[in-house]
J.: 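Got a structure for you, written out below as structure tokens; questions coming shortly.
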Amino acid sequence: QVQLVESGGGLVQAGGSLRLSCAASGRTLRNFAMGWFRQAPGKERELVAAIRWTGGSTYYADSVKGRFTISRDYAKITVYLQMNSLKPEDTAVYYCAAGSVVVVTTSREYDYWGQGTQVTVSS
């Protein structure tokens, strides 16, 4: 089992920044990847960013490119999401996910999920 512990959510004004953290306990898996998904009220869950553990290749949703940065701490098995220039439309519950992943944009490929952390951006 992999346990995920999230932190860093909160309330911020438009244009501000937040950094989300997700620490995983347990062992990494084949094709291990970690990512951040978000779900806004009345919307489907969508991938925000993902990173592969070996090699560190990244993926970003078009809506956050240039504003968000995903990174990893290999030793701590921790992933971060630095969110800059936040907009009200970024308001959502953000979920950390991890697992043995082939297609990082497919949520069902992630076996492990955090509890979610609320990000609210006010104008």
Side-chain angles (χ1 to χ4, degrees):
Q1 281 286 318
V2 176
Q3 303 292 323
L4 304 178
V5 180
E6 300 167 317
S7 63
L11 174 65
V12 66
Q13 293 185 358
S17 299
L18 287 172
R19 189 184 72 160
L20 306 183
S21 300
C22 178
S25 61
R27 59 183 176 88
T28 58
L29 308 170
R30 181 179 180 179
N31 299 318
F32 189 70
M34 297 183 70
W36 291 95
F37 291 77
R38 68 185 181 187
Q39 188 165 24
K43 300 290 186 179
E44 293 292 316
R45 181 175 53 188
E46 64 175 351
L47 177 68
V48 177
I51 187 167
R52 291 199 174 276
W53 218 244
T54 300
S57 61
T58 58
Y59 172 89
Y60 295 95
D62 289 341
S63 60
V64 306
K65 286 180 179 177
R67 299 189 297 121
F68 292 9
T69 303
I70 190 169
S71 61
R72 78 197 197 281
D73 185 317
Y74 194 88
K76 295 181 179 179
I77 318 179
T78 299
V79 67
Y80 305 94
L81 185 67
Q82 179 66 46
M83 304 186 294
N84 298 327
S85 302
L86 283 162
K87 305 174 181 179
E89 49 263 46
D90 295 317
T91 296
V93 177
Y94 284 70
Y95 297 92
C96 178
S100 179
V101 176
V102 176
V103 182
V104 297
T105 56
T106 302
S107 63
R108 295 195 182 276
E109 292 203 23
Y110 295 81
D111 291 326
Y112 306 99
W113 293 82
Q115 297 296 313
T117 184
Q118 177 70 46
V119 172
T120 302
V121 184
S122 65
S123 59

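No hydrogens, no waters, no symmetry mates; every other heavy atom, side chains included, goes into these values.
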J.: Quick check: closest heavy atoms across T117 and E6, and the distance to 0.1 Å?
T.: N-OE1, 3.9 Å
J.: Can you hop from I51 to V48 via hydrophobic side chains spaced under 4.5 Å?
T.: yes
J.: Can you classify the ring geometry of W113 versus Y95 as parallel (below 30°), tilted (30 to 60°) or perpendicular (above 60°)?
T.: perpendicular
J.: Where is the tightest heavy-atom contact between Y94 and R38, given as atom of each residue plus distance?
T.: OH-NH1, 2.9 Å
J.: Test side-chain contact (heavy atoms from CB on, under 4.5 Å) on Q118 and T91; report intermediate values, then the result.
T.: CA-CA 8 Å; Q118 177 70 46; T91 296; 4.0 Å; yes
J.: With a 4.5 Å limit on heavy-atom distance, are the side chains of F37 and Y110 in contact?
T.: yes
J.: Do you reckon L86 sits in the same ILVMFWY cluster as L81, going by side-chain contacts under 4.5 Å, direct or chained?
T.: yes
J.: Taking only residues two or more places apart in sequence or in another chain, which ones pass side chain to side chain donor-acceptor pair (under 3.5 Å) with Q39?
T.: none
J.: Between N31 and R52, what is the shortest heavy-atom contact and its length?
T.: O-NH1, 3.6 Å
J.: Among residues two or more places apart or on two chains, list those pairs meeting salt bridge (Lys or Arg N to Asp or Glu O under 4.0 Å) that have a residue in residues 56-75.
T.: D62-K65, R67-D90
J.: Can you measure from CZ (F68) to OG1 (T58) and round to the nearest 0.5 angstrom?
T.: 14.5 Å
J.: Could you see if L47 belongs to whatever hydrophobic cluster contains V64? Use Ile, Leu, Val, Met, Phe, Trp, Tyr and a side-chain cutoff under 4.5 Å.
T.: no
J.: Would a single hydrophobic cluster contain both I77 and Y112, if residues Ile, Leu, Val, Met, Phe, Trp and Tyr are joined by side-chain heavy-atom contacts under 4.5 Å?
T.: yes
J.: Count I, L, V, M, F, W, Y as connected when their side-chain heavy atoms are under 4.5 Å apart, and connections chain through other members. Are V119 and I70 then in the same cluster?
T.: yes
J.: Drop me the distance from K76's NZ to C22's SG, to the nearest 0.5 angstrom.
T.: 14.0 Å
J.: What heavy-atom pair brings Y60 and T69 nearest, and what distance separates the two atoms?
T.: OH-CA, 3.4 Å
J.: What donor-acceptor contacts under 3.5 angstrom involve side-chain atoms of residues 97-108, with partners at least two apart or in another chain?
T.:
residue: S100; atom: OG; partner: R30; partner atom: O; Å: 2.4
residue: S107; atom: OG; partner: R45; partner atom: NH2; Å: 3.3

J.: Identify the two heavy atoms, one from A14 and one from S123, that lie closest to each other, and give their separation to 0.1 Å.
T.: CB-CA, 4.4 Å
J.: Taking atom CD of Q13 as the centre, report whether more than 12 heavy atoms of other residues, nucleotides or ligands fall under 6.0 Å from it.
T.: no
